[in-house]
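Here is the structure we will look at.
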Number of protein chains: 2
Amino acid sequence: MAQNTASDKKPTINDVARLANVSKKTVSRVLNKSPLTTEVTRARVEKVIDELGFVPNPQARALALRRNFFIVLFHDNPNAQTVLNFQKGVLDRIKTSDLALVVRPVDRHSPDMLDDIAHFLDQQRPLAALVLPPISEDDRIAELLRAKNVEYARIGSAQLDDLPHSVFSNDREAVKAACSELIRAGHKAIALIKGPAGFRSAAEREQGFREAMAAAGLPVEEHFVVEGTYRLNSGYVAAQKLLAGDNPPTAIFASNDEMAAGALHAARERGINVPEDLSLVGFDDSPTASHLWPPLSTVRWPIMEMGRMAAQKVAQRYLPDGTDTDLDDAQLSSEFISRKSIAPPRHLQ
Amino acid sequence: MAQNTASDKKPTINDVARLANVSKKTVSRVLNKSPLTTEVTRARVEKVIDELGFVPNPQARALALRRNFFIVLFHDNPNAQTVLNFQKGVLDRIKTSDLALVVRPVDRHSPDMLDDIAHFLDQQRPLAALVLPPISEDDRIAELLRAKNVEYARIGSAQLDDLPHSVFSNDREAVKAACSELIRAGHKAIALIKGPAGFRSAAEREQGFREAMAAAGLPVEEHFVVEGTYRLNSGYVAAQKLLAGDNPPTAIFASNDEMAAGALHAARERGINVPEDLSLVGFDDSPTASHLWPPLSTVRWPIMEMGRMAAQKVAQRYLPDGTDTDLDDAQLSSEFISRKSIAPPRHLQ
DNA sequence: TTGTAGGCGTTATCAT
DNA sequence: ATGATAACGCCTACAA
C-alpha cells in the first residue's frame with residue numbers, strides 16, 4: 001500500500017477527487033458502491049484511491065452518518081473464557097474490515113443498567129451491538145436497541161429473538177447427548193446440579209437432562225436435582241448433599257464445569273473416586289475442565305463460532321469478504337467431549 | 001438528567017450557546033475547562049448545559065481534534081483471565097467518563113503485526129493505547145506509539161519503559177517470597193519450571209527463584225531447572241523429567257498455574273502425592289489454581305489493579321474523578337497466596 | 001451519471 | 001474574555 005512518508009498527512013477524499021478529475025461526491029459514490037457511476041469513472045477513481053493509499057476517515061464518516069463504525073459487546077461477565085473467546089470470534093470476522101470492537105460490561109443487578117446502555121448508545125452510536133448471556137435474555141435491552149435503531153444480535157443457549165437477531169447453540173440437545181452417554185455406560189441413578197433459576201441456559205440444560213432420562217425410560221429422582229449458582233462452591237455444596245444419602249447417585253451432570261470441579265472436590269473429600277465410583281460431566285469446556293484430574297468430560301460451547309456468526313450477522317454489509325454464511329443460519333452445535341471422568345457404574349466394571 | 005423526549009434530537013453546542021447567550025466557542029471553552037472564561041459566564045453556560053442535558057458529540061470532537069475518544073488494548077492473548085481482568089480494571093476506571101475501550105488482539109508471530117498496528121492507529125486515532133505482555137516487551141511497538149503521538153502504557157512483570165509509560169508488578173520479589181516459603185517449610189531440593197526464553201516474565205520469575213535460593217544459601221541444581229512454554233502440557237513433560245531422577249526434588253515452583261497443573265498430573269501419575277511427597281507452587285492465581293486438588297499455592301498478579309492504574313495513567317485528564325493516584329506510581333505488588341499444595345518434606349513431617 | 005452547496009457538531013484562528 | 005469565521009472529512013439534497 002502506498003504510504004505518504006515525511007509529511008504524514010493522509011490523503012483525503014479531496015485529493016482523490018482532484019487527481020481523478022471528478023467531484024468529491026463521485027468519489028463518495030465509488031466508496032459507497034453506489035450504482036450511479038460509470039464503470040469508467042469508477043475504475044479511474046479506484047485507481048487513484050489505490051495509488052494514494054486513501055482510506056476514508058472514520059471520524060468524518062461517523063459525524064456525517066451519525067453512526068460510529070464499531071460494534072459494541074455488552075456483557076455481564078459470564079466466565080472469562082466465554083467472553084474472550086466470543087471476542088476472538090468477532091474480531092476474527094471483522095479484522096479485515098475497518099470496524100472496531102468496543103467492550104462494554106454492564107451490571108445486570110444495577111437499576112441503572114438500561115439507562116447506562118441507553119446513554120452509551122446515544123453517545124457512541126455504534127453500528128451494531130452484540131449481547132451475551134445472561135443479559136441477552138433481557139427483552140428490554142433488545143427493545144432499547146430496536147428503538148435506538150442499532151443493529152443487534154442476541155447470543156444464547158436457545159433462540160431468544162427472531163432469526164436475524166439471534167445466534168444460539170442447542171444446549172438442550174447437547175446435554176441430552178451427554179447424559180445419554182452416561183446412560184449408555186450403564187448409569188441409572190444420575191443426578192443433576194442445575195444452574196440458577198431464571199437463566200435460560202440453566203433451564204435448557206435441565207430440559208436436556210430430563211429428556212435424556214425420559215428417552216431411556218428412567219425416572220428423575222427429584223432429590224437428585226439440586227440447584228447451584230454456576231460457581232465452584234455451589235457445586236461442592238450440591239455434591240456434598242447428593243453424596244451424603246444412603247443411595248447416592250453413580251453419576252452427576254453439572255450444568256457447568258466450575259460446579260463440576262466443586263463436585264469433584266466434594267467426591268474426593270468423601271473418598272469417592274472419579275470415575276470409578278462416580279462419573280461426572282460438566283458443561284463449557286473451560287480450561288479448568290482439561291486441567292482437572294481426571295480430565296472432565298464436558299460439552300463444548302461453540303462460543304467462538306458464535307462470535308464469528310454474530311459479527312457476520314450484524315455487520316455483513318461492512319465486511320469485505322462476502323456472504324459465505326447464510327444469514328438465516330443462527331444455530332451452532334454444542335458438542336459432547338468425552339474425557340476420563342466417565343466410567344460404567346461399579347457393578348458393571 | 002434532563003432528557004428531550006419525543007423529538008429525540010439531542011441538543012448541540014449551538015443550542016447551549018443560544019440559550020446562554022454566548023458564542024459556540026465560549027461554550028467550547030467551558031467544556032474544555034479553558035481558563036479564559038469569567039466565572040460568571042462559565043456558571044451561566046454550565047447551568048444551561050445541565051438544563052439541556054447536553055453532552056458533547058464524540059464524533060464531532062473526534063473529527064475536529066483528529067483523535068478518537070477511546071483507549072485501545074493491544075494484546076496477543078496471554079491467558080483469558082488476564083486479558084479479561086485487565087479489561088475489567090480499565091473499564092472500572094473509565095466507566096464514569098465518556099471514553100470507550102476497544103480491544104485489538106494482534107499476532108506477534110505475524111510479520112504484519114507492526115503494519116497492522118500502524119494502520120489501526122492511523123485509521124482510528126485512539127486517544128491512548130495499552131499494551132499487555134508479552135507484546136508489551138516489544139520496543140518497536142512503543143516506538144510506533146510515540147511516533148504516532150498516541151499516549152500509551154506498557155504493562156509487564158518488570159519496568160519496561162520510563163515511569164509515565166509503565167505499569168508493572170514485582171514478579172521477582174513475589175516469586176522470591178513464594179520460594180522462600182518453600183524453603184521455610186524445610187525444602188532444599190527445589191526445582192524450577194521456567195517460562196519460555198525471551199519472555200521478560202519468565203526471566204523475572206527465574207531470577208526470583210534464584211535469589212530466594214541464594215538468600216538461603218542453597219545451591220541451584222541446574223538439572224532442576226527445566227524450561228516450559230507456559231502451557232499445561234509443557235509443565236507435565238517438565239515434571240515427568242524432574243521426577244524421573246534418583247533424587248527427585250521435594251518441591252517445584254512452576255512459573256505459571258497452567259504448568260503447575262501439568263506438573264500435578266505428572267506427579268499423580270507416578271503416585272506421588274501433593275503436597276505430602278511434593279510441594280507445588282504456581283503463578284497467576286488463575287481460576288484453575290483454586291479448582292485443582294489440592295488447591296494450588298500461587299502468586300496473585302494484580303492485573304485488575306494494573307488495568308485501573310494504566311487507564312488512569314494514559315487518560316487522567318479525561319477522567320472526571322480526579323487525581324487520587326500519583327502518576328509516578330507504576331508498580332503494584334504481586335502477592336503470595338498460600339493454599340494446600342505446600343507441606344514440609346517427608347522427613348520433616 | 002455527475003456536480004454544487006450545505007450540513008453533521010465540534011475546535012482553532014485571529015481579530016476585537 | 002469573547003466572538004465571527006473557517007476548518008475537520010465525509011455525506012445528502014437537489015440541481016444540472
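Chain letters run A, B, ... following the sequence lines, proteins first, then strands; residues in each count from 1. Computed from a prediction, not measured in an experiment: that's the story for all the values here. We use all heavy atoms of the structure for the numbers below, so side chains are in, but hydrogens, waters and symmetry mates are not.
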With sugar-phosphate taken as primed atoms, P, OP1 and OP2 and all else as base, the protein-contact string of nucleotides 9-16 of chain C at under 4.0 Å (heavy atoms; B, S, -) is BBBB----
Is it the case that the side chains of B:D162 and B:H165 hold a donor-acceptor pair, with the cut-off being a distance below 3.5 Å and no angle test?
yes
Regarding A:K95 and A:D92, does a basic nitrogen lie under 4.0 Å from an acidic carboxylate oxygen?
yes
Once side-chain hydrogen bond (donor to acceptor under 3.5 Å, both in side chains) is applied, what residue pairs with a partner in residues 14-24 of chain A remain, sequence neighbours excluded?
A:D15-A:R18, A:S23-A:T26
Less than 4.0 angstrom between a side-chain N/O of A:T26 and OP1 or OP2 of C:dG3, yes or no?
yes
Check the distance between D:dT2's P and B:R18's CZ and give it to me in whole angstrom.
20 Å
Nearest whole angstrom, please: distance from the P of D:dG9 to the CZ of B:R125.
8 Å
Under-4.0 Å salt bridge between B:R154 and B:D139:
yes
Distance-only polar pair, side chains of A:E151 and A:Q316, donor-acceptor under 3.5 Å:
no
Between the side chains of A:D98 and A:Y318, is a donor N or O closer than 3.5 angstrom to an acceptor N or O?
no
Does D:dT2 have OP1 or OP2 under 4.0 Å away from a side-chain N or O of B:T38?
yes
